[in-house]
Amino acid sequence: MLSVMFCFHVCAGEIFELKAELNSDKKEKKKEAVKKVIASMTVGKDVSALFPDVVNCMQTDNLELKKLVYLYLMNYAKSQPDMAIMAVNTFVKDCEDPNPLIRALAVRTMGCIRVDKITEYLCEPLRKCLKDEDPYVRKTAAVCVAKLHDINAQLVEDQGFLDTLKDLISDSNPMVVANAVAALSEIAESHPNSNLLDLNPQSINKLLTALNECTEWGQIFILDCLANYTPRDDRESQSICERVTPRLSHANSAVVLSAVKVLMKFMEMLPKDLDYYGTLLKKLAPPLVTLLSAEPELQYVALRNINLIVQKRPEILKHEMKVFFVKYNDPIYVKLEKLDIMIRLASQANIAQVLAELKEYATEVDVDFVRKAVRAIGRCAIKVEQSAERCVSTLLDLIQTKVNYVVQEAIVVIKDIFRKYPNKYESVIATLCENLDSLDEPEARAAMIWIVGEYAERIDNADELLESFLEGFHDESTQVQLQLLTAIVKLFLKKPTETQELVQQVLSLATQDSDNPDLRDRGYIYWRLLSTDPVAAKEVVLAEKPLISEETDLIEPTLLEELICHIGTLASVYHKPPSAFVEGSRGVMHKRLPAQGTESPDVGNAAGGSAAEAAPSIIPSQGDLLGDLLNLDLAPPTTTGPPPPTSGMQMGGMDLLGGGLDSLISLNALKGVRQINIIIFYYKLWRRFSYGIFYPQVWLPAMKAKGLEISGTFARRAGVIQMELVLTNKAMSVMTDFAIQFNRNSFGLAPAGPLQVLTPLGPNQTIEVSLPLSTVGPVMKMDPLNNLQVAVKNNIDVFYFSCQYPISMLFVEDGKMERQVFLATWKDIPNDNESQFQIQDCHLNSDAASNKLQGSNIFTIAKRTVEGQDMLYMSIKLSNGIWVLAELKVQAGNPNYTISLKCRAPEVSQCVFQCYEAVLKN
């Protein structure tokens with residue numbers, strides 16, 4: 001207590017001394033005092049008590065002192081808004097000072113002070129500074145408009161600052177142009193539909209003229225702006241490329257990448273038979289190669305961008321393979337990225353030197369790098385068919401080294417080679433089987449099991465090999481269990497008389513002794529197939545598999561186009577669109593490369609609009625596929641009918657094949673396919689209701705909507721939120737012209753397309769509609785948070801209702817956080833944001849709970865056991881970029897769990913807890 005009081009008195013004494021020095025008549029003493037205040041502020045001491053004394057020091061001609069005072073003001077104005085107004089008169093006065101440095105300093109500081117009461121006083125000085133005779137003041141004022149817009153957008157629009165900012169693009173000074181472009185781009189990002197940067201050939205010409213004279217960061221702003229422009233034709237595109245190309249030789253790597261981005265985009269519009277097109281490809285290679293001579297961190301960023309460029313245009317770097325060969329002193333993250341690019345550039349012309357390098361890498365000491373090198377050899381075999389035999393020979397040599405992790409990785413890639421080239425390299429199976437006992441990694445064990453099951457008829461002791469895996473079935477990972485189940489079913493279909501007991505054993509383990517729903521479901525499907533129609537089983541399980549291709553690891557084309565438009569940004573390093581990792585990015589506009597033959601600058605916008613309208617028509621097609629499956633022509637009803645869905649739960653005592661062994665040859669195949677359709681239909685129904693995926697609620701009763709009854713629920717399928725609606729007409733008239741609209745809501749849910757009711761809804765008819773939803777609609781906080789207000793229109797009237805969606809629908813698939821990031825984020829979120837809840841009467845162990853939660857995109861980051869209590873650390877990412885971190889405590893024998901949730905938006909914690917409770921208790 002005494003030490004705390006002593007520290008307090010020391011601080012109080014120090015502040016008293018500083019106060020006396022700040023009010024001194026001597027200018028030097030006053031300046032030294034302000035320096036001491038800034039030094040204390042920098043190390044985290046609270047010197048806000050000196051606010052009035054520091055403000056009094058503003059009345060000075062000394063530029064250094066004024067800068068220090070302004071720095072103090074920017075830091076404390078938000079906590080002392082009433083006192084900050086005292087400085088307004090000085091700001092206004094400084095904005096008219098003869099010294100342009102002081103004028104710029106004043107307007108910059110006023111823009112940085114985020115206090116609403118001050119912003120209204122800022123308008124007039126800012127207007128004068130935007131038209132100041134000195135370019136330094138004008139460029140500072142341009143950035144200030146963007147800062148002011150962030151504080152009060154409506155004020156900026158009302159005062160006409162945006163129009164003034166647009167006029168500055170035509171300014172004679174290149175730095176003013178660059179800052180005006182930067183400010184407009186910043187504002188346009190937060191308002192993507194505002195069309196602030198209305199670029200045309202005249203304004204583009206001015207930007208290109210300024211490009212040669214402004215600073216390197218100014219060049220980046222201008223190049224990024226150019227990348228958003230869509231040329232009218234290939235001639236204009238070529239003209240812009242010619243004027244941007246000199247930026248490729250700039251010393252700043254950010255300028256080089258921005259120039260590459262512009263050229264990659266505009267090349268789309270150039271005819272490939274044009275001479276200039278070939279010249280441009282040659283000019284792009286040297287600057288990209290030069291980036292690889294920088295320090296490792298810059299190399300990594302360059303390599304991630306090159307990875308995208310090579311996927312789009314491999315011809316740019318096809319002759320530069322050697323620069324991607326790994327050096328002994330490269331960090332592991334650079335090595336792995338180089339390896340990936342080597343595979344992408346591999347061709348028949350260079351495969352010999354690539355394989356020689358990869359074989360060398362496979363003898364390194366770094367385990368992760370060796371694994372990647374072995375896997376790369378397999379990718380070469382799949383990509384370059386002429387090299388496949390050589391790659392298999394290299395892999396066999398590596399297996400002979402008997403290095404455990406090399407052997408396991410080699411087996412995994414040989415499985416892929418078998419998929420690519422069936423019935424070609426099966427002679428190596430004997431060698432693989434010799435190493436069976438050394439396999440301890442799930443992926444390698446699963447690969448070996450697949451090989452044994454796929455080629456069971458060529459392996460004499462296939463049943464013994466698979467039985468050896470079956471002995472520890474419950475200790476295997478889910479991946480191995482699933483593969484083992486399928487492999488034994490394949491073996492049975494190939495050798496039915498010898499393996500009946502084995503298949504009964506694995507089906508019993510999968511369906512009766514397993515807690516894993518995926519394993520259980522697959523077991524039931526196989527059991528019903530084999531019991532009902534073995535011919536259909538043979539056609540399904542032993543069907544010819546599609547050949548795998550080298551393109552399986554390529555980025556999806558539309559995403560690749562968007563990432564090319566973001567070269568030189570974080571998106572190109574993460575290989576994710578900005579909307580996936582930027583919080584509050586619901587206004588982010590998705591960018592696309594221009595189509596060849598574009599004829600006007602408006603086509604880009606039109607294309608964007610049509611794409612936005614066309615996208616929803618693609619999403620429902622998945623729902624249509626499910627609808628087709630459930631509406632199969634199932635033959636007329638009979639008195640016996642197919643077995644009820646619950647019968648699968650009671651099949652333990654039945655003869656597995658039910659006399660179906662002879663029918664392996666005799667039954668008609670077509671009948672078998674029809675039977676499998678029936679089985680899948682009932683299985684789908686059973687699964688939907690037994691796992692609680694589809695429980696519709698009545699949202700709008702018929703008595704409140706003139707005979708229209710609406711019930712429904714929400715689901716998330718393949719990353720898309722679906723609103724499942726059931727519309728019933730209980731009126732006497734036909735209903736048509738359906739449409740739907742949502743009110744603003746907490747998470748920006750909005751229909752991603754029109755309500756697809758394609759036929760009139762007659763009296764006493766019911767129709768099911770799946771409406772895909774997006775999360776880029778307008779936002780307004782609702783109470784409760786997950787409340788959704790809906791309006792549905794038809795030819796009779798407009799009807800309104802509200803419903804609540806489970807917040808788990810917003811949990812995205814890439815919500816698994818890295819361990820280190822999790823720890824740092826948990827520490828960074830204030831303890832006040834932590835909420836604790838109890839989940840009662842839950843009888844799952846920690847592993848089962850983790851598996852169940854992962855199905856709802858709640859990911860386990862780590863697990864540790866403390867005094868018999870399992871602690872699960874989990875992460876969730878919502879569609880709007882908000883992260884929720886959780887700690888789940890599970891005590892063996894105790895049905896009550898404790899869960900702690902941490903989030904920067906603590907209001908979502910209650911909804912997330914309800915989601916946990918619903919998932920774990922369902």
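The figures that follow rest on heavy atoms only: side chains count, while hydrogens, waters and symmetry mates do not.
- Two residues are said to be in side-chain contact when any heavy atoms from C-beta on lie closer than 4.5 Å; Arg458 and Ile429 fail this criterion.
- No more than 12 heavy atoms of other residues, nucleotides or ligands shown are found within 6.0 angstrom of CD on Glu385.
- In plain terms, the two heavy atoms of Trp450 and Lys490 that are nearest each other are NE1-NZ, 3.7 Å.
- Within the 4.5 Å cutoff, side-chain heavy atoms of Leu303 are placed close to those of Leu292.
- Put simply, CD on Glu357 and NZ on Lys338 are 10.5 Å apart, with the number rounded to the nearest 0.5 Å.
- Screening Lys415, Arg375, Arg371 for a salt bridge (Lys or Arg N to Asp or Glu O under 4.0 Å) with Glu443, the sole residue that qualifies is Arg375.
- Summarising the local packing, CZ of Phe266 is surrounded by more than 12 heavy atoms from other residues, nucleotides or ligands at distances under 6.0 Å.
- The closest donor-acceptor contact from the side chain of Ser438 to the backbone of Asn404 lies at 3.5 Å or more, if one exists at all.
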Candidate pair Arg379 and Asp340, rule salt bridge (charged side-chain N to carboxylate O under 4.0 Å, His left out), full reasoning: CA-CA 10 Å; Arg379 284 174 63 187; Asp340 203 32; 3.0 Å; yes
Using side chain to side chain donor-acceptor pair (under 3.5 Å), reason through Arg522 and Thr486 one step at a time and then give a plain yes or no. CA-CA 9 Å; Arg522 188 180 293 191; Thr486 303; 3.0 Å; yes
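- Considering every non-hydrogen atom in both Val256 and Pro287, the closest pair reads CG1-CB, 3.9 Å.
- Leu223 has its side chain out of reach of Lys261: every pair of non-hydrogen atoms, C-beta onward, lies at least 4.5 Å apart.
- Panel note: side chain Ser572, backbone Thr569; a donor-acceptor pair is recorded below 3.5 Å.
- The residues Lys283 and Glu242 are annotated as not salt-bridged, no charged nitrogen and carboxylate oxygen being separated by less than 4.0 angstrom.
- Residue-environment remark: CH2 (Trp826) exceeds the threshold of 12 foreign heavy atoms within 6.0 Å.
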Evaluate side chain to side chain contact (heavy atoms under 4.5 Å, CB included) for Leu878 paired with Phe811, printing each intermediate quantity in order. CA-CA 5 Å; Leu878 274 67; Phe811 297 173; 4.0 Å; yes
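- Gln820 CD: 12 or fewer foreign heavy atoms inside a 6.0 Å radius.
- Side-chain atoms of Leu398 and Ile377, non-hydrogen and from C-beta on, do get closer than 4.5 Å to each other.
- Taking each heavy atom of Lys335 and Lys327 in turn, the nearest pair found is CE-O, 3.7 Å.
- Put simply, the side chain of Leu317 reaches to within 4.5 Å of the side chain of Phe324, judged on heavy atoms.
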Audit row: Gln311, Asn307, side chain to side chain donor-acceptor pair (under 3.5 Å) steps and yes/no: CA-CA 6 Å; Gln311 289 186 53; Asn307 201 324; 3.1 Å; yes
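- Side-chain N or O atoms of Asn305 include one that pairs as donor or acceptor with a backbone N or O of Gly568 at under 3.5 Å.
- Formation of a donor-acceptor pair under 3.5 Å by the Ser258 side chain with backbone atoms of Ala254 is found in this model.
- Distance alone, capped at 3.5 Å, places no donor-acceptor pair between the Lys420 side chain and the Ala381 backbone.
- Scanning both residues, Cys380 and Ser387, for their nearest heavy atoms gives O-OG, 3.5 Å.
- Looking at heavy atoms from C-beta onward, Leu280 lies in side-chain contact with Met267 at the 4.5 angstrom threshold.
- A donor-acceptor pair under 3.5 Å is formed between the side chain of Gln408 and the backbone N or O of Asp440.
- Counting heavy atoms from C-beta on, the side chains of Ser875 and Trp883 come closer than 4.5 Å.
- Side-chain atoms of Thr860 never come within 3.5 Å of backbone atoms of Ser850 as a donor-acceptor pair (strictly under, hydrogens ignored).
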Step-by-step salt bridge (charged side-chain N to carboxylate O under 4.0 Å, His left out) determination, Lys372 to Glu364: CA-CA 11 Å; Lys372 187 92 172 183; Glu364 291 278 342; over 6 Å; no
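- More than 12 non-hydrogen atoms from other residues, nucleotides or ligands lie less than 6.0 angstrom from CG of Asn329.
- Shown here for Val326 and Tyr361, the closest heavy-atom pair between the two residues is N-OH, 2.9 Å.
- In this structure, His575 contributes its side chain and Leu308 its backbone to no donor-acceptor pair below 3.5 Å.
- Lys265 contributes no side-chain N or O that, together with a main-chain N or O of Ile564, makes up a donor-acceptor pair within less than 3.5 Å.
- Using modelled atom types, one side-chain atom of Gln219 and one backbone atom of Cys214 make a donor-acceptor pair closer than 3.5 Å.
- Note that CG of Leu257 and NE2 of His250 are 12.5 Å apart. Values are rounded to the nearest 0.5 Å.
- Within 6.0 Å of atom CD in Gln400, more than 12 heavy atoms from other residues, nucleotides or ligands are found, so the atom counts as buried in its surroundings.
- Atom OH of Tyr574 has 12 or fewer heavy atoms from other residues, nucleotides or ligands within 6.0 Å.
- Taking CG from Leu395 and NZ from Lys359, the interatomic distance works out to 10.0 Å, rounded to the nearest 0.5 Å.
- The aromatic rings of Tyr421 and Tyr425 stand perpendicular to each other, their planes meeting at an angle above 60°, with 30° marking the opposite boundary.
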CA sep, side-chain torsions, deciding dist, call: Tyr229, Glu236, side chain to side chain contact (heavy atoms under 4.5 Å, CB included): CA-CA 11 Å; Tyr229 175 63; Glu236 186 184 7; 2.6 Å; yes
Run Ser879 and Val812 through side chain to side chain contact (heavy atoms under 4.5 Å, CB included) and show every step you take. CA-CA 6 Å; Ser879 55; Val812 297; 4.1 Å; yes
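- When all heavy atoms are compared, the tightest approach of Leu248 to Leu263 is CD1-CD1, 3.7 Å.
- Partners of Asn350 according to the side-chain contact (heavy atoms from CB on, under 4.5 Å) rule, which considers only residues two or more places apart in sequence or in another chain, are Met321, Ala346, Ser347, Gln353, Val354.
- In this structure, Glu360 places its CD atom where only 12 or fewer heavy-atom neighbours from other residues, nucleotides or ligands lie under 6.0 Å away.
- Side chains of Leu298 and Leu291 form no contact here, defined as non-hydrogen atoms less than 4.5 Å apart.
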Would Glu476 and Leu484 count as a side chain to side chain contact (heavy atoms under 4.5 Å, CB included) here? Give the steps. CA-CA 10 Å; Glu476 300 284 4; Leu484 189 56; 5.6 Å; no
